[in-house]
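Structure first, commentary second.
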Protein chains: 2
Amino acid sequence: MARQARALATRQAVLLAAAEVFDERGYAAATMSEILERAGVTKGALYFHFRSKEELALAVIEGQGAWLSTWRPTSESPVQTLIDLGYAFAHALLDDPMVRGSIRLTIEHGSFTQPQADTYQGWSDVTRGLLERAREAGDLHPGLDVAAAAGVITGAVTGIQLSSQVLTGRQDLVRRMADLWTLILPGLVQPHALARLSVAERVPGRS
Amino acid sequence: MARQARALATRQAVLLAAAEVFDERGYAAATMSEILERAGVTKGALYFHFRSKEELALAVIEGQGAWLSTWRPTSESPVQTLIDLGYAFAHALLDDPMVRGSIRLTIEHGSFTQPQADTYQGWSDVTRGLLERAREAGDLHPGLDVAAAAGVITGAVTGIQLSSQVLTGRQDLVRRMADLWTLILPGLVQPHALARLSVAERVPGRS
DNA sequence: GGTAGAATACCTACTGGACGGTATGCGGCC
DNA sequence: GGCCGCATACCGTCCAGTAGGTATTCTACC
């Protein structure tokens with residue numbers, strides 16, 4: 001047990017360092033040397049836990065699927081939950097190295113296409129689920145194609161994040177997220193539902 | 001003159017091959033060997049025209065700025081022009097290897113940050129210019145923040161394109177573009193202007 | 001319009017270094 | 001004492017870039 005704890009600690013250190021390096025350099029440009037140096041770990045230790053660079057990258061990508069699956073609705077209103085999810089994701093991108101690294105690896109399509117498609121699909125599914133609940137609640141425009149809207153929102157969030165990163169190092173990410181909702185919501189929800197929504201970021205603690 | 005023609009041909013062949021390989025593999029994973037092999041050119045020829053891998057990548061990125069600057073308005077209506085620009089860009093992504101490679105290099109932020117920021121800024125500026133003309137024409141919602149909307153649209157198009165590529169190899173890109181406009185336009189333009197717009201792709205040849 | 005010579009355009013062979021991965025050994029906890 | 005967890009030294013490969021030679025085409029002059 002005690003030694004398992006130590007092993008887990010080094011494993012986590014490697015994962016974290018890998019996420020950081022993948023985030024900064026991308027998969028191909030990242031070197032194992034930099035990862036193990038930053039983790040304060042030797043090559044033997046790293047390759048004991050991960051058999052290859054690719055396996056390590058896959059483990060980092062997994063970390064972000066984990067983040068999404070821990071997300072719990074924050075409101076009775078599905079659309080409000082979706083908005084909150086966007087802001088939560090923005091803050092994860094700012095604070096959580098694992099999410100950052102994972103997103104970079106997902107965006108850089110390359111050797112491993114399947115996990116990336118899964119990531120997009122996962123986000124699209126969550127979005128779609130919320131939108132379908134919103135439609136049942138009568139919040140959405142009647143003719144709206146829910147699947148199409150979910151695809152657009154997922155893609156738009158991806159792109160917003162990317163352009164924010166390139167232009168300002170993600171400093172204006174939260175503002176851009178607000179801009180996105182401001183622009184998109186009128187095409188999504190009916191006016192009476194729009195009035196009940198908080199487009200700006202909500203501080204947690206209220207229902 | 002005749003020798004310039006030959007040199008220009010090989011230079012173009014190298015640029016094209018480079019764009020393809022960068023598009024398929026990304027900057028770091030792309031190898032000069034594959035580029036010169038695909039171009040049917042030897043190493044000496046390549047390094048005569050481009051002094052380094054980075055210079056070659058920058059030349060590919062330039063090609064896309066060139067594409068954007070050759071774009072000419074297609075309609076009296078600025079918003080309709082913006083929609084058409086989106087579709088034109090989608091088809092360029094499907095057909096023009098230079099645009100494809102350039103976009104991949106722009107999305108993969110890495111060693112050269114400045115040209116990428118310039119690319120985003122260029123798109124954002126064009127979009128913003130069209131939106132400002134639309135506002136002067138009274139087409140937009142009165143309170144709309146034009147700069148913010150331009151940023152969102154640029155980012156959204158980027159993301160749409162990315163997710164379409166990962167999920168379907170860009171097969172559904174045009175449809176996703178239509179979904180984007182359907183969702184965004186109600187938050188952008190006033191109803192009376194919306195009625196005059198063609199959200200679906202227009203075949204060229206009519207005013 | 002033919003030729004000398006000088007750029008221009010390109011070819012081949014090579015190099016130094018870095019990188020992912022491995023083999024083997026060793027200490028400490030059960 | 002045995003295995004888990006790690007450390008170290010090493011290997012084969014591949015890659016960006018270069019050195020130096022060769023072919024091709026333009027210019028100049030006759």
Side-chain angles (χ1 to χ4, degrees), chain A residues 1-61 101 104-105 108-112 115, chain B residues 1-61 101 104-105 108-112 115:
Chain A
M1 282 302 149
R3 86 140 158 288
Q4 280 194 4
R6 178 179 62 139
L8 207 83
T10 64
R11 193 194 145 90
Q12 275 306 110
V14 169
L15 259 181
L16 181 65
E20 287 179 11
V21 176
F22 283 141
D23 173 44
E24 293 168 21
R25 315 236 181 257
Y27 179 76
T31 72
M32 296 301 253
S33 311
E34 186 173 0
I35 291 173
L36 52 93
E37 187 178 332
R38 200 177 295 201
V41 156
T42 65
K43 218 163 201 182
L46 193 154
Y47 275 94
F48 174 78
H49 288 283
F50 303 95
R51 270 181 304 183
S52 69
K53 187 181 181 182
E54 181 166 342
E55 188 174 311
L56 183 51
L58 291 177
V60 170
I61 292 184
R104 167 100 193 228
L105 288 176
E108 269 183 13
H109 56 291
S111 17
F112 24 85
Chain B
M1 283 303 151
R3 81 137 160 289
Q4 283 192 3
R6 177 180 66 141
L8 208 83
T10 65
R11 194 193 145 91
Q12 275 305 111
V14 169
L15 259 181
L16 181 65
E20 288 179 11
V21 175
F22 283 141
D23 173 45
E24 292 168 21
R25 314 236 181 258
Y27 179 77
T31 72
M32 296 301 252
S33 309
E34 186 173 1
I35 292 173
L36 54 93
E37 187 178 332
R38 202 177 293 202
V41 157
T42 64
K43 215 161 206 185
L46 192 155
Y47 274 95
F48 173 78
H49 287 284
F50 304 94
R51 270 181 304 185
S52 69
K53 187 181 181 183
E54 180 166 344
E55 188 174 311
L56 184 51
L58 291 176
V60 170
I61 292 184
R104 167 100 193 227
L105 288 176
E108 269 183 14
H109 55 290
S111 17
F112 24 85

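Chain A is the first sequence line, chain B the second, and so forth, proteins listed ahead of strands; every chain is numbered from 1. Here the structure is a predicted model, which means the values were calculated and not measured.
For A:Glu34, the side-chain hydrogen bond (donor to acceptor under 3.5 Å, both in side chains) partners are A:Arg25, A:Arg38, not counting sequence neighbours.
When the P atom of D:dT8 is taken as reference, atom CZ of A:Phe48 falls 17 Å away, rounded to whole Å. Atom CG in A:Leu46 sits about 19 Å away from atom P in D:dC4, given to the nearest Å. Rounded to whole angstrom, the span from the CD atom of A:Glu55 across to the P atom of C:dG21 amounts to 10 Å. Summarising the geometry, the separation between OH on A:Tyr47 and P on D:dC6 is reported as 16 Å, rounded to the nearest angstrom. The separation between A:Leu36 atom CG and D:dT8 atom P is 12 Å, rounded to whole Å. For the pair B:Gln12 CD and C:dA9 C1', the computed distance is 16 Å after rounding to whole Å. Going from atom CD of A:Glu34 over to atom C1' of C:dG20 covers 15 Å, rounded to whole Å. Atom P of nucleotide C:dC19 and atom CZ of A:Arg25 are separated by 11 Å, given to the nearest angstrom.
In this structure, A:Thr31 does not reach the C:dA18 phosphate: none of its side-chain N or O atoms is under 4.0 Å from OP1 or OP2. Contact check, B:Thr10 against C:dC10: a side-chain N or O comes under 4.0 Å of OP1 or OP2.
Of the candidates D:dA16, C:dT12, C:dG20, D:dA16 carries the atom nearest the B:Ser33 side chain, counting heavy atoms from C-beta on. Of all nucleotides listed (C:dT22, D:dG17, C:dC10), C:dC10 comes nearest to the side chain of B:Ala7. When distances are taken from the side chain of A:Lys43 to each of D:dT8, C:dC10, D:dT18, the shortest belongs to D:dT8.
Not a single donor-acceptor contact under 3.5 angstrom links the side-chain atoms of B:Lys53 to the base of D:dG17.
Across all strands shown, B:Ala30 has heavy atoms under 4.0 Å from sugar-phosphate atoms exclusively, and none from any base. No engagement by A:Ala29 is indicated, since no non-hydrogen atom pair under 4.0 Å with the nucleic acid exists.
Listed here is the closest heavy atom pair of A:Glu108 and A:Tyr27: OE1-N, 3.1 Å. Scanning all heavy atoms of the two residues, the minimum distance from A:Phe22 to A:Arg104 falls at O-CG, 3.3 Å.
Within the 3.5 Å criterion, the main-chain N or O of B:Met32 finds no donor-acceptor partner in the side chain of B:Lys43.
Take the nearest nucleotide of DNA chain C for A:Gly44 and for A:Met32: the residue whose nucleotide is more 5' is A:Met32.
When side chains are defined from C-beta on, B:Leu15 counts as touching B:Val60, because their heavy atoms get closer than 4.5 Å.
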